[in-house]
Q: 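Structure provided below as structure tokens; questions to follow.
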Amino acid sequence: MKISIILNNICGVGGVERVVTNLANELFQGYDCQIHIISLFSNPKETENTFYEIDENVKVIHLGHKNFKNIKIVADFLNIGRQNYDHIICCSTLISLLALVANFGKKNNKVYAWEHSQYDHASYKIKFLRRMFYPYLDRIITLTKHDGALFSRYLKKVSVIPNFKSFESPKASSHKNHTMISVGRLGYEKGFDMLIEAYNNINTKIGDWKLEIYGEGKEYNTLKQKILSYRLEDKVFLKPFTPNIIEKYLNSSIFICSSRSESFSMVIIEAMECGLPCVSFNCKIGPKEIISEGIDGFLVEPFDINELSEKIELLINDASKRISMGENAKEKAKQYDVASTMSIWGEVLKLEKL
């Protein structure tokens with residue numbers, strides 16, 4: 001069995017790059033197949049410049065394009081079609097479209113759209129392309145049941161496969177450190193500006209509790225200025241992405257997701273695996289398919305900064321609730337272990353285990 005996974009840039013630092021790496025590694029290690037990661041926009045000269053560790057037996061192909069406007073990208077997709085992959089897993093709408101064109105008439109080459117972002121976030125142009133071309137796909141794979149139902153309007157063959165947790169932790173947080181943590185790209189959609197405001201609301205009432213935000217992105221300067229304007233530079237810290245994020249979770253006591261929108265929140269699963277209670281805005285989809293209200297975390301009305309502050313303060317003041325919710329979160333994380341998720345992939349791709 002020969003499988004390719006195509007994405008924009010495997011050298012990026014983010015959720016898609018992480019889950020593509022995780023899936024490729026697990027497919028090679030657990031099943032009888034060859035795995036190729038095809039990266040459209042990474043430089044072939046920087047073959048070692050990947051943030052996440054890829055199994056040495058997974059072949060990574062860097063095509064070095066700058067954008068989708070380069071006509072040579074079509075030739076490269078035609079070449080991909082000639083490689084006779086059994087399964088071609090595409091990580092964006094445009095990639096799915098190009099793969100469909102390149103594999104037209106090839107019955108043995110199955111093309112899948114693996115949707116990582118929320119359905120409603122797509123532009124009208126992308127929704128139009130989906131409506132026109134997705135009925136010709138072999139399957140659509142979504143992260144949530146909500147999106148699965150929406151995509152089923154285009155194609156009946158839709159599989160809901162949540163991302164599996166990217167690590168297993170034998171330990172859990174002690175909940176003793178007065179640290180809150182949030183993780184994600186520093187973009188507007190992640191709502192870190194609202195999180196900083198929520199922290200500022202309770203700053204004078206929570207003693208030495210600090211907030212650490214791990215991520216990089218275009219909103220860094222805006223967020224830094226907000227921290228300075230509230231004089232929180234000794235309590236709220238913007239830190240870069242780290243490959244050792246597990247240690248940061250374990251040294252924290254509360255996890256907060258302040259996103260304006262989410263698809264499937266890997267960081268919530270990671271925090272739960274480390275035994276952290278989670279406070280999250282109740283986005284249209286995503287967190288509410290993971291968090292059980294009042295059991296392993298709190299779901300806050302979207303954009304309600306005051307309620308977000310209240311739930312954080314509640315957990316800060318109630319150590320027993322932090323601990324019990326954290327224990328429940330650790331148990332919840334078992335639903336997203338590698339074995340259960342990979343069994344679904346194995347069924348979808350009709351793979352044989354080693």
Side-chain angles (χ1 to χ4, degrees), residues 3-21 23-24 35-44 50 60-83 85-106 109-144 147-148 150-155 157-159 161 163 185 187-189 217-218 261-264 285 348-349:
I3 301 172
S4 67
I5 307 174
I6 311 177
L7 78 164
N8 286 347
N9 189 348
I10 192 59
C11 295
V13 180
V16 174
E17 295 81 11
R18 182 187 303 185
V19 298
V20 166
T21 299
L23 177 62
I35 306 295
H36 293 176
I37 295 175
I38 301 176
S39 178
L40 301 184
F41 305 134
S42 54
N43 192 327
T50 56
V60 181
I61 302 169
H62 302 268
L63 296 183
H65 294 289
K66 292 184 177 180
N67 53 54
F68 283 105
K69 296 179 182 179
N70 186 351
I71 190 65
K72 188 177 180 296
I73 203 169
V74 176
D76 279 334
F77 268 87
L78 290 172
N79 183 55
I80 292 169
R82 288 191 286 269
Q83 303 307 308
Y85 289 107
D86 296 284
H87 304 292
I88 301 172
I89 303 171
C90 307
C91 294
S92 80
T93 299
L94 293 179
I95 291 173
S96 299
L97 173 58
L98 287 168
L100 274 174
V101 172
N103 288 274
F104 183 77
K106 297 184 171 100
N109 297 12
K110 306 295 184 184
V111 179
Y112 304 84
W114 186 13
E115 294 290 334
H116 297 274
S117 60
Q118 186 176 327
Y119 174 89
D120 291 329
H121 285 175
S123 66
Y124 289 114
K125 178 181 177 181
I126 292 298
K127 288 179 180 177
F128 172 77
L129 291 173
R130 287 171 175 170
R131 187 164 60 251
M132 293 296 294
F133 294 100
Y134 272 28
Y136 299 100
L137 289 166
D138 292 283
R139 188 173 295 271
I140 300 171
I141 298 167
T142 68
L143 303 179
T144 64
D147 275 354
L150 293 174
F151 277 103
S152 66
R153 297 180 297 184
Y154 304 142
L155 185 70
K157 291 184 178 180
V158 176
S159 296
I161 310 179
N163 293 328
R185 193 181 303 277
Y188 176 78
E189 72 282 355
K218 61 184 180 181
S261 62
E262 280 285 343
S263 180
F264 180 89
I285 65 172
V348 167
L349 302 178

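Nothing fancy with the numbering, it's 1 onward along the sequence.
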Q: Working to the nearest 0.5 angstrom, can you tell me the gap between Ile61 CD1 and Ser4 OG?
A: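 Those atoms lie 8.0 Å apart.
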Q: Check for a donor-acceptor pair, side chain of His87 on one end and backbone N or O of Leu349 on the other, with a separation under 3.5 Å.
A: yes
Q: Would a 4.5 Å heavy-atom cut-off, applied to side chains only, mark Ile5 and Cys91 as touching?
A: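 Of all side-chain heavy-atom pairs linking Cys91 with Ile5, at least one is under 4.5 Å.
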Q: Tyr119 versus Lys127: any side-chain heavy-atom pair under 4.5 Å?
A: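 Counting from C-beta outward, Tyr119 and Lys127 do come under 4.5 Å.
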Q: Nearest 0.5 Å please: distance from the CD1 atom of Ile37 over to the NE2 atom of His62.
A: 8.5 Å
Q: Got Leu94 and Leu129 here, is their nearest side-chain heavy-atom distance under 4.5 Å?
A: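 Leu94 vs Leu129: side chains touch.
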Q: Between Tyr136 and Tyr154, is the ring centroid distance below 6.0 Å?
A: no
Q: Does any part of the side chain of Glu115, heavy atoms only, come nearer than 4.5 Å to the side chain of Arg130, both counted from C-beta?
A: yes
Q: Measure across Asn9 and Ser42 and return the closest heavy-atom pair with its distance rounded to 0.1 Å.
A: OD1-CB, 3.2 Å
Q: Is atom NZ of Lys157 surrounded by more than 12 heavy atoms (other residues, nucleotides or ligands) closer than 6.0 Å?
A: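 Counting neighbours around NZ of Lys157, 12 or fewer heavy atoms of other residues, nucleotides or ligands fall under 6.0 Å, so no.
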Q: Tell me whether the rings of Phe151 and Tyr134 are parallel (<30°), tilted (30 to 60°) or perpendicular (>60°).
A: parallel
Q: Donor-acceptor check, side chain of Asn109 to backbone of Ile88, threshold 3.5 angstrom: yes or no?
A: no
Q: Could you pull out the closest heavy-atom pair between Val348 and Arg139, with the gap in Å?
A: CG1-CD, 3.4 Å
Q: When rounded to the nearest 0.5 angstrom, what distance separates CD1 in Ile73 from CG in Asp76?
A: 7.0 Å
Q: Are side-chain heavy atoms of Phe77 and Leu40 found at a separation under 4.5 Å?
A: yes
Q: Compare all side-chain heavy atoms of Ser261 with those of His121 and state whether any distance is below 4.5 angstrom.
A: yes
Q: For the side chain of Arg185 and the backbone of Gly15, is there at least one donor-acceptor N/O pair under 3.5 Å apart?
A: no
Q: Would you compute the distance between atom NE2 of His36 and atom CD1 of Ile80 and round it to the nearest 0.5 angstrom?
A: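 Rounded to the nearest 0.5 Å, the NE2-CD1 separation comes out at 11.5 Å.
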Q: Roughly how far apart are Thr144 OG1 and Ile285 CD1, rounded to 0.5 Å?
A: 4.0 Å
Q: Do Asp138 side-chain atoms and Tyr112 backbone N/O form a donor-acceptor pair below 3.5 Å?
A: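 Absent.
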Q: Considering all heavy atoms of both residues, which atom of Arg82 and which atom of Ala75 are nearest to each other, and what is their separation?
A: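 Closest pair (atom of Arg82, atom of Ala75, distance): NH2-O, 4.4 Å.
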Q: Restricting to non-hydrogen atoms, name the atom on Ala24 and the atom on Ile35 that form the minimum distance, rounded to 0.1 Å.
A: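 Nearest heavy atoms, Ala24 then Ile35: CB-CG2, 3.8 Å.
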Q: Is the closest side-chain heavy-atom distance between Tyr85 and Ile6 below 4.5 Å?
A: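 No, too far: nothing below the 4.5 Å cut-off.
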Q: Mark yes or no for whether Ser39, through its side chain, and Ile10, through its backbone, hold a donor-acceptor pair below 3.5 Å.
A: yes
Q: Return the minimal non-hydrogen interatomic distance between Glu17 and Val13, and the atom names on each side.
A: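 The pair with the smallest heavy-atom distance is OE1-C, 3.8 Å.
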Q: Heavy-atom distance under 4.5 Å between the side chains of Phe133 and Val101, does that happen here?
A: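 No - every pair of side-chain heavy atoms lies 4.5 Å or more apart.
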Q: Calculate, to the nearest 0.5 Å, the distance between atoms CG and CG belonging to Asn103 and Leu78 respectively.
A: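 Between atom CG of Asn103 and atom CG of Leu78 there are 9.0 Å.
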